[in-house]
Amino acid sequence: MDSPVLEISGITKSFGRTAALSDFSVSLERGTIHAVVGENGAGKSTLIKIMTGLYQPTSGSIRVDGVETVFESTRAAQLQGIAAIYQEPMVFPDLDVAENIFISHMNRPARIDWSKMYSEAEQIIAKLGVKLDVRRQAASLTLAEQQAVEIARAISLEVRVLIMDEPSSSLSNHEVQRLFAIARSLRDQGVAVLYISHRLEEIFAIADKVTVVRDGRHINTSPIGAVRHDVLISQMVGREMQGRFARTDGHATGEVMLRVTGLGREGAFRDVTFEVKKGEIICLSGLVGARRTDVALALFGIAPADGGKIEIDGREVEVASPKAAMELGLAYVSEDRRKLGIAMTESVTANVTLATLSKYVRRLGIIDIGGERRDAAGWRDKLNIKAEDLSSSVGNLSGGNQQKVMLAKWLNAAPKILIVDEPTRGIDIGAKAEVHAILRNLASRGVAIMIISSDLPEVLSLADRVIVMREGRLVGEFSGETATEEDVMHLALGAGPKRDAA
C-alpha cells in the first residue's frame with residue numbers, strides 16, 4: 001500500500017506544564033474521510049495547528065508520503081498540500097470570489113491576467129459541483145457559499161489534505177448535504193479529508209474512519225462501521241452518558257411571564273404570537289434563515305420590533321434597548337460568543353460581571369473588585385467552569401467553558417426571562433449535557449426560558465413546547481412530549497404538518 005499522505009506519530013505539545021497533546025498519533029490516507037472526535041479541550045484544535053504549521057510539536061514526528069517533515073510555518077504546510085477550513089469562514093468580504101480563491105498564491109505575476117483568473121476560478125468551482133458567480137463580491141455570500149470558496153482556494157493550491165473543522169455548525173440541513181457532497185467528491189479525487197465535528201450523526205454519515213481523542217491522548221481509531229454510537233460517546237468522555245439527554249418533567253406554572261402578540265419587523269418577521277410561562281422551556285425551531293434570531297433581537301431591544309405587542313407579567317412594555325430589556329428582567333445569551341457574547345481578551349471575572357457592573361460600583365466610582373471575584377468564583381463552582389485562575393483570559397478556555405461563562409454573565413443578573421440562542425453550538429457532548437442541566441435547573445426555579453436551537457435532538461430533549469418558524473412566520477406548535485424530528489422538519493420545510501400540530 002502507499003504510505004499515508006500525512007502521518008502524525010507520537011506527537012506531544014506542551015504549554016508550560018500543560019500537555020495539550022500527549023504521544024498522539026493518527027494517519028490520513030488518500031481518498032479517505034477520517035473523522036476526529038473528542039470533547040472541547042481534548043486537543044483537536046492543537047492537532048489542527050500542528051498539521052497546518054501554526055504550532056511546532058514539543059516532541060514526535062510528522063511524515064508526508066513517508067518522509068519525515070518539519071512544518072516551520074503555515075506556508076511550509078501549504079506547500080505540502082495541507083489546508084484547513086474552519087467553523088467561521090475566513091474570506092475577504094470586499095474581494096470577489098475569484099480574488100478570494102487565488103489570494104494565497106505567492107507566485108502571482110505583477111500584472112494579473114483577469115480573464116485567465118476568472119476562467120480558472122470557474123473551472124475550480126465546477127469541480128465542486130456548486131453554482132457560484134466568480135465575479136460576485138464575497139460579502140454577499142451565504143456561509144455555505146463562503147465555505148465553498150475556501151475549499152476552492154484549497155483546491156487551487158493543489159490540496160492533498162483538507163481539514164474541515166466544525167464546518168457545518170452554522171449551516172442548514174440542505175447546506176450540510178451540499179457540504180457532504182463536496183467532501184465526498186474530494187475524497188473520490190484522492191484527497192485525504194480530516195473531518196472534525198461535535199455532531200455525531202454527521203460523523204456516521206460522512207466518515208470512513210473515526211479517531212477518538214481524550215485529554216490529548218489517542219484513545220481509538222476504527223472503521224466507522226465497526227463502532228457503535230454509544231461506544232463512541234463513552235470513548236470520548238470517559239464515562240457513560242446514557243440518560244443525560246433524557247426528557248424530564250416540566251416545571252411550567254399557569255403564570256404567563258412573557259406574552260408576544262402580532263410582533264413584527266419590516267423585512268425580517270411578522271405576526272409572531274406566543275407566550276412563555278413561569279418555569280417553562282419553549283424552543284423556537286426552524287431552518288437557518290427562519291428569522292428566529294431576529295425575534296430574539298427584537299425581544300431584547302437590540303433590533304426592536306416595529307409592530308405588535310410585548311407583555312411581561314401581564315403588563316404591556318416597550319423594549320427599545322438592551323438596557324430597557326434588562327430592567328424588565330430579560331437576559332439574552334447570543335449564538336455568537338465571540339462577537340456578541342463575551343470579551344475574549346478579558347478575564348473570567350470581568351466577563352461574569354460585565355452585564356451587572358453597576359452593582360459593584362462604590363463611592364467615587366470605585367469598583368468592588370473583591371465582590372466581583374466572589375461572585376465569579378461562585379458561578380465558577382455552580383456551573384462547573386473549568387478555570388482555576390479567574391484572572392485568566394476567557395479566550396484561553398474551551399468552547400464549552402466559554403459558553404458557561406456567557407451563561408454566568410446573564411445569570412448574575414438574576415433574570416426572570418432567559419432567551420438562549422443556540423445554547424450548545426460548537427461544544428462537545430459532555431459540555432452540552434452540563435448546559436442542558438443548567439437550563440433545566442433554572443426552569444425548576446421558575447425562570448421562563450426561550451431557546452433557539454437548530455439541534456433537533458436538543459429541542460426535543462429540553463422543550464415543554466416546540467414552536468416552528470419558517471421564513472419569518474410561526475407555522476406550528478407541538479407539545480415537547482409528543483413532538484418528533486419528522487414533525488418539526490415537515491413544518492420547517494414548508495411541507496405542512498405531517499400530523500396535527502398543537
Side-chain angles (χ1 to χ4, degrees), residues 4 6 8 24-48 51 84-87 144 147 151 161-188 191-242 244-245 398-400 422 424-433 453-458 461 485:
L6 179 63
I8 303 292
F24 184 84
S25 301
V26 67
S27 297
L28 304 181
E29 290 87 17
R30 295 170 181 79
T32 300
I33 298 177
H34 194 132
V36 172
V37 297
E39 294 190 273
N40 285 108
K44 303 186 300 297
S45 294
T46 301
L47 175 65
I48 293 171
M51 286 182 166
I85 66 168
Y86 298 94
Q87 180 175 328
Q147 285 185 334
I151 295 171
V161 175
L162 180 63
I163 302 165
M164 293 183 165
D165 183 19
E166 297 288 349
S168 67
S169 63
S170 299
L171 304 184
S172 68
N173 288 342
H174 173 71
E175 291 168 331
V176 169
Q177 294 309 312
R178 187 190 303 169
L179 178 72
F180 283 1
I182 292 172
R184 292 184 181 113
S185 173
L186 292 172
R187 176 191 62 189
D188 295 345
V191 175
V193 178
L194 181 69
Y195 194 92
I196 295 174
S197 176
H198 290 308
R199 296 179 175 178
L200 295 190
E201 66 274 13
E202 292 183 2
I203 300 301
F204 282 93
I206 191 70
D208 300 305
K209 290 184 176 181
V210 59
T211 289
V212 179
V213 55
R214 186 174 75 236
D215 298 329
R217 297 181 180 277
H218 177 275
I219 301 301
N220 188 47
T221 296
S222 305
I224 197 65
V227 62
R228 296 199 320 267
H229 191 280
D230 58 334
V231 172
L232 193 62
I233 292 173
S234 295
Q235 290 174 347
M236 287 169 57
V237 302
R239 58 192 183 277
E240 291 294 332
M241 295 297 294
Q242 189 172 2
R244 297 281 181 120
F245 298 99
S398 69
E422 300 291 356
T424 58
R425 177 188 174 195
I427 66 175
D428 63 76
I429 194 165
K432 181 181 289 190
S453 178
S454 301
D455 184 337
L456 282 180
E458 173 170 82
S461 169
E485 292 189 33

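Position 1 is the first residue of the sequence, and the numbers go up from there.
- Scanning both residues, Glu29 and Lys209, for their nearest heavy atoms gives OE1-NZ, 3.4 Å.
- Note that the CD1 atom of Ile219 and the CD atom of Gln235 stand 8.0 Å from one another [nearest 0.5 Å].
- In terms of heavy-atom proximity, Arg30 sits nearest to Pro4 at NH1-C, 4.3 Å.
- How far CG of Leu179 is from CE of Met164: 5.0 Å, rounded to the nearest 0.5 Å.
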Run the side chain to side chain contact (heavy atoms under 4.5 Å, CB included) test on Ile163 and Met51 for me, step by step, so that the C-alpha distance in whole Å, both residues' side-chain angles and the decisive distance to 0.1 Å come before the verdict. CA-CA 9 Å; Ile163 302 165; Met51 286 182 166; 3.9 Å; yes
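- Applying the side-chain hydrogen bond (donor to acceptor under 3.5 Å, both in side chains) criterion to Thr221, with sequence neighbours excluded, gives Thr211, His218.
- Gly38 and Lys44 get closest at one heavy-atom pair: O-NZ, 2.9 Å.
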Begin from the C-alpha positions of Ile151 and Leu186 and carry the test side chain to side chain contact (heavy atoms under 4.5 Å, CB included) through to its verdict. CA-CA 10 Å; Ile151 295 171; Leu186 292 172; 3.8 Å; yes
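- Judged purely by atom type and a 3.5 angstrom limit, Arg184 has no side-chain atom pairing as donor or acceptor with the backbone of Ile206.
- Annotation: the span from Gln177 atom CD to Ile182 atom CD1 amounts to 12.0 Å, rounded to 0.5 Å.
- Partners of Arg187 according to the side-chain hydrogen bond (donor to acceptor under 3.5 Å, both in side chains) rule, which considers only residues two or more places apart in sequence or in another chain, are Asp208.
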After noting the C-alpha distance and the side-chain angles of Phe204 and Leu232, does the key distance pass the side chain to side chain contact (heavy atoms under 4.5 Å, CB included) rule? CA-CA 11 Å; Phe204 282 93; Leu232 193 62; 3.9 Å; yes
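- Ala207 and Ile224 make their closest contact through O-CG2, 3.1 Å (heavy atoms, listed as atom of the first residue, atom of the second, distance).
- Taking the six-membered ring where the residue is Trp, Phe180 and Tyr195 present perpendicular rings, their angle passing 60° and hence far from 30°.
- For the atom pair CG (Leu28) and CD1 (Ile33), the distance works out to 12.0 Å, reported to the nearest 0.5 Å.
- Closest non-hydrogen pair, Ala183 versus Val193, comes out as O-CG2, 4.1 Å.
- Among all heavy-atom pairs drawn from Ser197 and Val37, the shortest one is O-CG1, 3.9 Å.
- Every residue was checked against the side-chain hydrogen bond (donor to acceptor under 3.5 Å, both in side chains) condition with Thr32, not counting sequence neighbours, and none meets it.
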